[in-house]
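See structure below.
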Amino acid sequence: PSIRKCIRALDNAIERRKADTNLFSGGLCCGKWIIRATGSSGAISNGECEEYIVDLSNTKSQDGFTLDFEGTGVGTTGKSKNGLVSIMGTVQGSAISFVEEWTDGSSGSLSPYGEESSSSCVIAARLSLDRRKFEGTYRNVQYGTTGHIAGLLSSGETDNHDPYVTCESLLCLAHGHLAGVIGADAASDHVESTTLSPPQFRTTEEWKEKRIVLRNLLQRTFLSSGTKDKAKVSKAIEELSQYYSPVSQDLSGLKFKFLPSTNESVVSMSQLGDWVESVDNEFATSSGGKGSLALLCGSEYGSSRQGVICALIRHSVLHEQFISDGELFFNDDVSLVWRTALRIMEDGVRKALAKNNESGRSKRIVAVDQCELTKKVSSLLIKVQPCSSAPDVSDVTDDFVTLYSTVDCEAELEFLRAAMDTSTKQALLRTLSLQHILSLLVDEDEQLLKTPVALECCTLVLPRLLGRGLAETLQISSDNDDLGRLCQEDLGAHYLTLLSGADQTVQNNLKETVHIVFRTIGRVLEDALHQREQLRPRESTVDIDSLSLSTLASFVVSVRPNDVMSVVSDAGLLRCLTKVFSNHRNSIKVNRSITTDICEGSKEILASQIRHIAERDICREVLRAGVAVAHVLCFQLARMRTGKSDDHVTHPTRECVEIVLQELSRGIALVEEITSTEKRVYEIEQADPHFRKWS
């Protein structure tokens, strides 16, 4: 919260001072630079290292919008020792591009087409925030060699650049880093809640393996929605407030947003239990009976079996039918529920008897304990909220059999509850982080930050919080069938990945927050594209293009059907993609003149070419990002389409595909035009030497 206040104060101060919001508007610092170039390996041995000292100074371009730099120097180490070097380049944001020309003569003049040059190098590098260092790569034009290059200001003028923008950018990066740390729970402060002591009959190693199996159960669909428990969410908030004291006030403020107004009514489940008890004799007779092992403990066995039946009905499509009609008629699905409950009870009691065969305990006591454990598992399942789209009975029964057969004792059931509580805490932290990012991007008056670079720094953490940061976590579980299935369904990690079992109200609030985030960054992207259209000709677009690039990255995430409206429609993403393609499509062209009567030795022309190449590269990156977003959306939306008439998915899918096809057709025409131009340029370049030869 303190960082956020500082950022807002700086943003308002920058607006009042009408300062230049370009973070690198001052270019690199003028003065004496020490530049070192090494081979592709980066080693400085074997004579691969070359070092030289250059005096660099900034010059305004003819259009007055961009800042170029030039200078001359001498080699001090390596093969270039005592050689003369001339440099001409330009600064585009943090990207610097320049050309080095080495000569053995004494003039040292920069001549792009001169014959004195012994070698020329093209350099692409990144400038540090203080503008006193750069690192990048070089390519020797004559010899085709590549390597690493770095420069450091050794002495020069005092930096008089306005520090407000730099300070605001650093604070935005710090804010995003802290939000990412809290949202991902990088410190794992609450893991002790799921490191319970192993049961007496398990070794530490066995318990570790069993915990992995139990945790994977939470990825099953019927457990993913979690419970609705006001007391547990309140307890989770209190525990998190102890760990994260600086944001404890924010966590306390989340209580009223997260908690439901009242606990879920249990009337319908009570009615279901009464109905199951009333029809059990009739339905059990037609579905395999009540179980041979019920002779050991008739009442306990019967009530436990009925609890399993209630849990199965609650998590299947039969629950909706029961709520609608107040009863269920006997059919194949109902028969399958009764038969599955019987199988779970018989297998559970039989397994418990086999395990306690030599313990000396009576079979009745063992059977009663197993029935009590099964009843507690059923009680947990009944508290878990059913999925929004209820599955068929046949899809639920296999998962239920797996769960009941996996939980062997109460300690394992307690571990499941603790893991669900941990997921609730993780969902709380992720929501808190996203809300902090939102409160920074948009103030109480719905006004965005004014500085483009600050907006960019704020959005850099969003892909990580929206799911892409979970990719490494999923990779380490490549042998896990459940997580593997999750990845296949979601095209990677989703913002709800690894939050399965979290309280349903908390999950819903997280979804709502994420949808607001998508709408906000859609607004940021649309404003950036509008500002780009308002720029004067030849005015630098680097800041806006860089902001567009960072916001587009936030949309390259996994989405589910209930995210489509917010991500695609409400955020205006398709409209923004159309503008991105329109504004940046021509960037794939190479700005080459058909005529070859260029004035030799013109520094202005060379600087202009370098600027054009730098701007073209940035535009191409934005174009690639836009195409990537379109393809990712098309792929996911097409997979969501079903036989049902889902207009909220079908309509965006059609629009997205049309945008991709239109851009493809325009791209083909553009490539044909470029090919024709390049062919004509080549013909002219080849004709001129032949004309001179025979004239």
Side-chain angles (χ1 to χ4, degrees), residues 4 179-180 182-185 224-230 232-234 236-237 240 247 250-264 384-389 420 423-446 448 458-459 461-470 490 493-525 551 554-555 557-573 636 640 646 648-649 652:
R4 187 170 65 247
I182 294 176
D185 187 36
S224 61
S225 297
T227 62
K228 269 188 177 181
D229 195 323
K230 182 176 181 179
K232 284 195 173 183
V233 177
S234 299
I237 292 175
L240 289 175
V247 294
D250 301 288
L251 282 165
S252 300
L254 292 176
K255 286 183 180 179
F256 302 102
K257 291 183 179 181
F258 279 102
L259 301 185
S261 55
T262 57
N263 284 333
E264 184 188 21
V384 172
Q385 301 300 302
C387 298
S388 54
S389 56
M420 295 173 73
S423 295
T424 299
K425 293 177 183 178
Q426 289 175 332
L428 283 166
L429 291 175
R430 199 170 296 179
T431 307
L432 179 66
S433 298
L434 288 169
Q435 288 186 350
H436 272 293
I437 296 293
L438 273 176
S439 62
L440 179 58
L441 287 172
V442 184
D443 61 15
E444 296 177 354
D445 298 326
E446 296 296 320
L448 293 168
C458 291
T459 57
V461 73
L462 287 178
R464 178 182 173 189
L465 292 175
L466 294 175
R468 285 174 62 183
L470 301 173
D490 283 336
H494 186 261
Y495 60 84
L496 289 177
T497 302
L498 303 182
L499 297 182
S500 186
D503 187 272
Q504 190 183 61
T505 312
V506 178
Q507 289 191 50
N508 290 339
N509 197 275
L510 174 57
K511 290 178 187 177
E512 181 183 350
T513 303
V514 168
H515 293 169
I516 296 174
V517 168
F518 278 122
R519 291 196 293 270
T520 303
I521 58 179
R523 177 185 166 190
V524 171
L525 178 58
T551 51
S554 301
F555 288 103
V557 293
S558 177
V559 294
R560 293 176 182 173
N562 55 9
D563 301 321
V564 171
M565 288 298 295
S566 295
V567 176
V568 181
S569 303
D570 296 344
L573 179 56
Q636 295 186 94
M640 293 176 193
D646 299 328
H648 71 287
V649 173

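The CD atom of Gln504 lies 9.0 Å from the OG1 atom of Thr227; values are rounded to the nearest 0.5 Å. Atom OG of Ser224 is separated from atom CD of Gln385 by 11.0 Å, given to the nearest 0.5 angstrom. Annotation: the span from Lys228 atom NZ to Thr505 atom OG1 amounts to 5.0 Å, rounded to 0.5 Å. Taking CG of Asn508 as the start and CG of Leu510 as the end, the distance is 9.5 Å to the nearest 0.5 Å. Between the CD atom in Gln435 and the OG1 atom in Thr513 there is a gap of 4.5 Å [rounded to 0.5 Å]. Once rounded to the nearest 0.5 Å, the distance linking CG of Leu432 with CD1 of Ile237 reads 10.0 Å.
The side chain to side chain donor-acceptor pair (under 3.5 Å) search around Ser225 returns none, not counting sequence neighbours. Checked against side chain to side chain donor-acceptor pair (under 3.5 Å), Thr459 has the following partners two or more places apart in sequence or in another chain: Ser550.
Closest of all the heavy-atom pairs between Tyr495 and Arg430 is O-NH1, 2.6 Å. Residue Leu438 comes nearest to Ile516 through the heavy atom pair CD1-CG2, 3.6 Å, listed as atom of the first residue, atom of the second, then distance. In terms of heavy-atom proximity, Leu440 sits nearest to Cys458 at CD2-SG, 3.3 Å. Between Ala236 and Lys425, the shortest heavy-atom distance links the atoms CB-CG, 3.9 Å. For Pro652 against Val568, the heavy-atom pair with the smallest separation is CB-CG1, 3.8 Å. Closest non-hydrogen pair, Val442 versus Glu446, comes out as CG1-CA, 3.3 Å.
The shortest distance between side-chain heavy atoms of Lys511 and Arg560 does not fall below 4.5 Å. No side-chain heavy atom of Phe518 sits less than 4.5 Å from a side-chain heavy atom of Asp563. With a 4.5 Å cut-off on side-chain heavy atoms, Gln507 and Leu496 count as touching. Residues Arg523 and Leu448 meet the side-chain proximity criterion, which asks for heavy atoms closer than 4.5 Å. Within the 4.5 Å cutoff, the side chain of Val506 has heavy atoms near those of the Val233 side chain.
Remark: the backbone N or O of Asp229 is paired with a side-chain donor or acceptor of Asp503 at under 3.5 angstrom. Panel note: side chain Ser423, backbone Ser500; a donor-acceptor pair is recorded below 3.5 Å. Looking at Ser433, its side chain does come within 3.5 Å of a backbone N or O of Gly183 through a donor-acceptor pair.
Partner Val514 forms a side chain to side chain contact (heavy atoms under 4.5 Å, CB included) with one of Asn509, Val559, Thr431, Leu466 and no other, that one being Leu466. Applying the side chain to side chain contact (heavy atoms under 4.5 Å, CB included) test between Thr520 and each of Leu441, Leu462, Leu525 identifies Leu441 as the sole match.
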